[in-house]
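Structure, as structure tokens:
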Amino acid sequence: MKKRNYINEVYEVTKCIPEGRITTYGTIAAFLGLGSARMVGWALNKSFSEDDVPAHRVVNRKGELSGRVHFPNPTMMQELLEAEGVKVENDKVVDFDRHYWHPEMSMEE
DNA sequence: AAGGTGACAGGGT
DNA sequence: TACCCTGCCACCT
């Protein structure tokens with residue numbers, strides 16, 4: 001099974017997200033120039049089989065834990081975020097803008 | 001080979 | 001402000 005380059009890029013960016021920080025699919029897509037945020041979602045879906053990727057730190061533009069159903073346990077994503085200091089309420093991140101992280105903050109090439 | 005799906009985003013109503 | 005529809009591109013059946 002061949003890994004697409006862009007998928008590997010998504011993993012790298014996601015791994016660089018600091019604890020207690022979150023970002024969006026669209027942000028990663030734009031940073032990597034993928035053109036569509038859906039690619040990021042697909043890439044992260046495979047991340048469970050590929051490597052230890054903090055996919056719980058990636059949410060959609062509304063700050064909702066849209067990907068929690070893809071975790072081993074639907075509640076795991078929220079638990080992980082709260083354990084890192086990110087408060088989640090009603091499946092949405094509280095103070096989304098405050099925890100927001102941008103790849104350029106740490107990954108400048 | 002063609003059609004449908006999906007961890008999204010943006011604009012319009 | 002919230003909900004609905006459309007556009008996106010790769011993967012799966």
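Within every chain, numbering begins at 1; the chains are lettered A, B, ... in the order of the sequence lines, protein sequences first and strands thereafter.
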Between the protein and nucleotides 10-13 of chain B, list the N/O to N/O atom pairs that are separated by less than 3.5 angstrom.
| from | atom 1 | to | atom 2 | distance (Å) |
| --- | --- | --- | --- | --- |
| B:dG10 | N7 | A:Arg61 | NE | 3.4 |
| B:dG10 | N7 | A:Arg61 | NH2 | 3.0 |

Q.
Under 4.0 Å, counting only non-hydrogen atoms across every strand here, what does A:Asn60 touch: a base, just sugar-phosphate, or nothing?
A. sugar-phosphate
Q. How would you label the contact of A:Ala43 with the nucleic acid (heavy atoms, under 4.0 Å): base, sugar-phosphate, or nothing?
A.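 A:Ala43: no heavy atom of the nucleic acid under 4.0 Å.
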Q: Please identify each residue that fulfils salt bridge (Lys or Arg N to Asp or Glu O under 4.0 Å) with A:Glu82, with sequence neighbours left out.
A: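 For A:Glu82, no residue satisfies salt bridge (Lys or Arg N to Asp or Glu O under 4.0 Å) once neighbours in sequence are set aside.
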Please tabulate, for the side chains in residues 14-21 of chain A, all donor-acceptor contacts under 3.5 angstrom to protein atoms that are two or more places apart in sequence or on a different chain.
| from | atom 1 | to | atom 2 | distance (Å) |
| --- | --- | --- | --- | --- |
| A:Thr14 | OG1 | A:Val10 | O | 2.7 |
| A:Lys15 | NZ | A:Asp51 | OD2 | 3.3 |
| A:Arg21 | NH1 | A:Arg98 | O | 3.4 |

Q: With sequence neighbours left out, write down each residue that passes side chain to side chain donor-acceptor pair (under 3.5 Å) with A:Glu12, or none if nothing qualifies.
A: none
Q. Looking at residues at least two apart in the chain, or sitting in another chain, which of them share a side chain to side chain donor-acceptor pair (under 3.5 Å) with A:His70?
A.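 So A:His70 forms a side chain to side chain donor-acceptor pair (under 3.5 Å) with A:Asn45.
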**Q.** Whichever hydrophobic residues join A:Leu81 through chains of side-chain contacts under 4.5 Å
**A.** A:Ile22, A:Phe48, A:Val59, A:Leu65, A:Phe71, A:Met76, A:Met77, A:Leu80, A:Val86, A:Val88, A:Val93, A:Phe96, A:Tyr100
Q) Among all residues two or more places apart in sequence or in another chain, which pass the side-chain contact (heavy atoms from CB on, under 4.5 Å) test with A:Lys62? A)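 Scan of A:Lys62 (side-chain contact (heavy atoms from CB on, under 4.5 Å), adjacent residues dropped) gives A:Asn60, A:Glu64.
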Q: Could you pull out all residues at least two apart from A:Asp91 that satisfy side-chain contact (heavy atoms from CB on, under 4.5 Å)?
A: A:Arg68, A:Gln78
Polar-atom pairs under 3.5 Å, protein N or O versus N or O of nucleotides 6-9 of chain C: list them with distances, or write none.
| from | atom 1 | to | atom 2 | distance (Å) |
| --- | --- | --- | --- | --- |
| C:dG7 | O6 | A:Arg38 | NH2 | 2.9 |
| C:dC8 | O2 | A:Arg38 | NE | 3.1 |
| C:dC9 | O4' | A:Ser36 | OG | 3.4 |

Q) Would you say A:Thr24's side chain and A:Thr27's backbone share a donor-acceptor pair under 3.5 angstrom? A) yes
